[in-house]
Amino acid sequence: MEEFDFIGPNDKPALLAVTEPETLKFAKNTLAELGYKVHLVETHPQFESRYNQVNYQVVIIEENFAGGAITDNSSLQLVQAMNMSQRRYATFFLIGQTFESLNTLQAFAQSVHCVLNFAELPMLAEVLQKTVAENDLFLSVFREAQRRAYQKGA
């Protein structure tokens, strides 16, 4: 059994499924600087296990995670098959060589919120903050309705 950090109510958990060492280091440091508590995974089964245990706010997946092609990326396939009740707490990022950064059609085609090319990695902090803010704004009406329904039931 792997060790697992306690996630407190004020923590901002992030999950990194990145294999390439330089990208992993940069993404981990960027997330830490933005105040996220970062969890790293090295395999697809670890990704599924971790994701199912925590409501991550940010999830970053590398297109060739765990050494395979994007078509064999079972972590990405897991995300793509999730229903909204499993996905609504996270903002998903897909990074790789084959993407045009911030291309919304490519992101939609991959069932993620944002795609980022490796060449644009230095923009990660800005892109991450922008995309998370846009996702929060999009879901704000749903979250407010959910909060009101909970208060009525309590």
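This chain uses plain numbering: 1 for the first residue, then up along the sequence.
No side-chain heavy atom of Phe99 sits less than 4.5 Å from a side-chain heavy atom of Val112. Taking the side chain as every heavy atom from C-beta outward, His44 and Asn73 approach each other to under 4.5 Å.
Contact record, Val38 with Ala32: CG2-N, 4.2 Å, taken as the closest heavy-atom pair. Minimum heavy-atom separation, Phe26 to Pro122: CZ-CA, 3.8 Å. Nearest approach of Asn64 to Ala69, heavy atoms of both residues: OD1-CA, 3.8 Å.
Considering only residues two or more places apart in sequence or on other chains, Asn10 meets the side chain to side chain donor-acceptor pair (under 3.5 Å) condition with none of them. Partners of Thr30 under the side chain to side chain donor-acceptor pair (under 3.5 Å) rule, at least two apart in sequence or in another chain, do not exist in this structure. The salt bridge (charged side-chain N to carboxylate O under 4.0 Å, His left out) test applied to Glu22 returns no partner, not counting sequence neighbours.
Atom CG of Leu116 sits about 12.0 Å away from atom CD of Glu62, to the nearest 0.5 Å. We find the CG-CD1 distance between Leu31 and Ile60 to be 4.5 Å, quoted to the nearest 0.5 Å. Taken from CG in Asn103 to CG in Asn117, the straight-line distance is 11.0 Å, to the nearest 0.5 Å. With rounding to the nearest 0.5 Å, the separation of CE in Met84 from CZ in Arg87 is 6.5 Å. Considering CD of Glu48 and CG of Leu78, their distance stands at 5.0 Å, rounded to 0.5 Å. One distance of note links CG of Leu15 with CG of Asn55; it measures 12.0 Å at 0.5 Å rounding.
The salt bridge (Lys or Arg N to Asp or Glu O under 4.0 Å) contacts involving residues 8-21 comprise Asp11-Lys37, where partners must be two or more places apart or lie in separate chains. Applying the salt bridge (Lys or Arg N to Asp or Glu O under 4.0 Å) test to every pair with at least one member in residues 117-130, sequence neighbours left out, gives these pairs: Lys130-Glu134.
Under the 3.5 Å distance criterion, the side-chain polar atoms of Asp72 are left unmatched by any main-chain donor or acceptor of Gly67.
Within a 6.0 Å sphere centred on CZ of Arg147, heavy atoms belonging to other residues, nucleotides or ligands number more than 12. The environment of CD in Glu42 is sparse: at most 12 heavy-atom neighbours from other residues, nucleotides or ligands sit within 6.0 Å.
Under a hydrophobic-cluster definition in which Ile, Leu, Val, Met, Phe, Trp and Tyr are linked whenever side-chain heavy atoms come within less than 4.5 Å, directly or via other members, Leu76 and Phe108 are assigned to different clusters. If you chain together hydrophobic residues whose side chains sit under 4.5 Å apart, Met123 and Phe118 fall into the same group.
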> Going through the checks in order, is the side chain to side chain contact (heavy atoms under 4.5 Å, CB included) test met by Leu24 and Leu16?
Replying inline: CA-CA 8 Å; Leu24 176 63; Leu16 270 177; 4.0 Å; yes
Pairs of donor and acceptor atoms involving the side chains of residues 91-98, under 3.5 Å and at least two apart or interchain, shall be tabulated with distances.
from	atom 1	to	atom 2	distance (Å)
Thr91	OG1	Asn135	ND2	3.1
Thr98	OG1	Glu63	OE1	2.6

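Relative ring orientation between Tyr56 and Tyr51 is described as parallel, the plane-to-plane angle staying below 30° on a 0-90° scale split at 30° and 60°.
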